[in-house]
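FYI, the numbering just counts along the sequence from 1. In listed order, ligands and their atoms are each counted from 1. Because only heavy atoms are used, hydrogens play no part in the values below, and waters and symmetry mates are left out as well, while side chains stay in.
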Amino acid sequence: MAVRAAVLPAVGSPLEITEIELPAPGPGQVRVRLAAAGVCHSDLSLSNGTMRVPVPAVLGHEGAGTVVATGEGVTHVAPGDAVVLNWAPSCGSCPACARGEVWLCADALSGAAGIHARTVAGTEVHPGLNVAAFAEETVVAASCVLPLPEGVPLTDAALLGCAVLTGYGAVHHAAAVRPGETVAVFGAGGVGLATMQAARIAGAAQIVAVDVSPAKEELARAAGATDYVVASATTPRQIRAVTGGQGVDAAVECVGRAVSIRAAWESTRRGGRTTVVGIGGKDEQVTFNALEIFHWGRTLSGCVYGNCDPARDLPVLAEHVRAGRLDLGVLVTERIGLDGIPAAFENMTAGKGGRSLVVF
Ligand SMILES: [Zn+2]
Ligand SMILES: [Zn+2]
């Protein structure tokens with residue numbers, strides 16, 4: 001039975017909403033009926049070529065749904081189970097996995113090279129970032145499927161798969177924010193808003209949100225921001241001004257642009273930490289002089305998928321949802337159908353809104 005999907009035919013081309021035919025799940029595979037899928041900035045980056053995957057591809061990597069069938073050898077989920085899609089499964093045997101750094105697994109995106117479906121016209125399509133969530137149904141490796149813990153609404157749970165794991169992990173694992181610390185969050189999109197909530201959960205005393213758009217202040221405050229700064233050339237000075245002249249203990253950059261990474265670094269106190277979550281292009285060059293690196297004693301770190309082990313962290317996030325500390329609904333600024341994804345891309349390019357959620 002064919003299902004509707006958003007297919008990227010070629011880099012730089014508009015998405016096509018078309019029907020695809022999925023095979024029955026083979027050994028070690030699971031077929032999932034999507035309940036919802038978030039539109040992430042990485043989907044836009046894949047469509048315009050900033051990031052690359054084999055095409056044609058079904059994009060979408062932040063999803064949740066219900067298992068409809070399992071292939072041979074799949075034991076951790078069964079038909080009827082609610083699941084969250086994990087776009088970066090770990091192999092368990094590469095050097096990174098052996099160190100426990102599963103988010104750096106060398107094999108994480110190998111599934112994207114395979115063929116997972118065909119259009120009804122017969123064209124082979126790849127599963128974008130492994131999970132091909134912009135479709136009514138998908139067939140994925142069993143390692144891409146995590147059981148959804150009780151008490152989390154299935155549609156909102158989609159956000160756990162990318163934005164929330166990333167934002168939570170940036171705060172809890174990468175920046176290791178401690179109670180009472182001050183935090184600046186650059187970018188108030190889906191990941192930025194999740195980062196603000198994570199900082200609040202971590203007990204941050206002050207959370208300064210920074211975004212180019214003045215219109216996101218209300219969203220940011222709902223996610224836990226205590227201060228709001230509209231990004232400009234004076235952003236670091238403004239952040240020092242609201243933190244007693246010091247700068248923040250930790251900055252999390254969720255934009256991926258040189259100017260924003262540099263501003264985040266300059267916004268931290270001496271000895272402060274900057275975590276870069278945003279994914280930028282190769283032409284975004286960030287520069288530092290040797291003297292300031294010494295003088296400020298700061299650190300600048302990359303962060304992949306929040307440095308999370310999704311299987312370990314998902315139950316923790318679910319507990320925060322159940323306890324009312326993590327509000328997934330705050331992150332969603334519009335609910336759309338598959339047809340709405342191109343407009344959601346335009347909104348992201350224009351810097352508008354939080355997360356657009358495709359609801360099936
Ligand atoms: Zn994402
Ligand atoms: Zn591995």
Next on the checklist: Treating Asn307 as the side-chain partner and Gly169 as the backbone partner, does any N or O pair qualify as donor plus acceptor under 3.5 Å?
Outcome noted: no
Next on the checklist: Suppose the criterion is salt bridge (Lys or Arg N to Asp or Glu O under 4.0 Å): which pairs have a residue in residues 67-94, not counting sequence neighbours?
Outcome noted: none
Checklist entry - Salt bridge check: are Arg335 and Asp156 linked by an N-O gap of less than 4.0 Å? => result yes
Checklist entry - Can you name the side chain to side chain contact (heavy atoms under 4.5 Å, CB included) partners of Asn347, sequence neighbours left out? => result Glu334, Lys352
Checklist entry - Do the charged groups of Glu19 and Arg4 touch, with an N to O distance under 4.0 Å? => result no
Checklist entry - Yes or no on side-chain hydrogen bond (donor to acceptor under 3.5 Å, both in side chains) for Asp313 and His172, after CA distance, side-chain angles and deciding distance? => result CA-CA 10 Å; Asp313 290 316; His172 288 261; over 6 Å; no
Checklist entry - Is the shortest side-chain N to carboxylate O distance from Arg322 to Glu319 below 4.0 Å? => result yes
Next on the checklist: I'd like to know if Asp249 pairs up with Arg269 as an ion pair, taking the criterion as any Lys NZ or Arg NE/NH1/NH2 lying under 4.0 Å from an Asp or Glu carboxylate oxygen.
Outcome noted: yes
Checklist entry - Do any N or O atoms from the side chain of Asp327 and from the backbone of Gly324 form a donor-acceptor pair under 3.5 angstrom? => result no
Item to check | Nearby protein N/O/S atoms (those under 2.8 Å) for the Zn ion (ligand 1), with water ignored | outcome: Cys40 SG, His61 NE2, Cys162 SG
Item to check | Residue and atom, protein N/O/S, under 2.8 Å of the Zn ion (ligand 2) | outcome: Cys91 SG, Cys94 SG, Cys97 SG, Cys105 SG
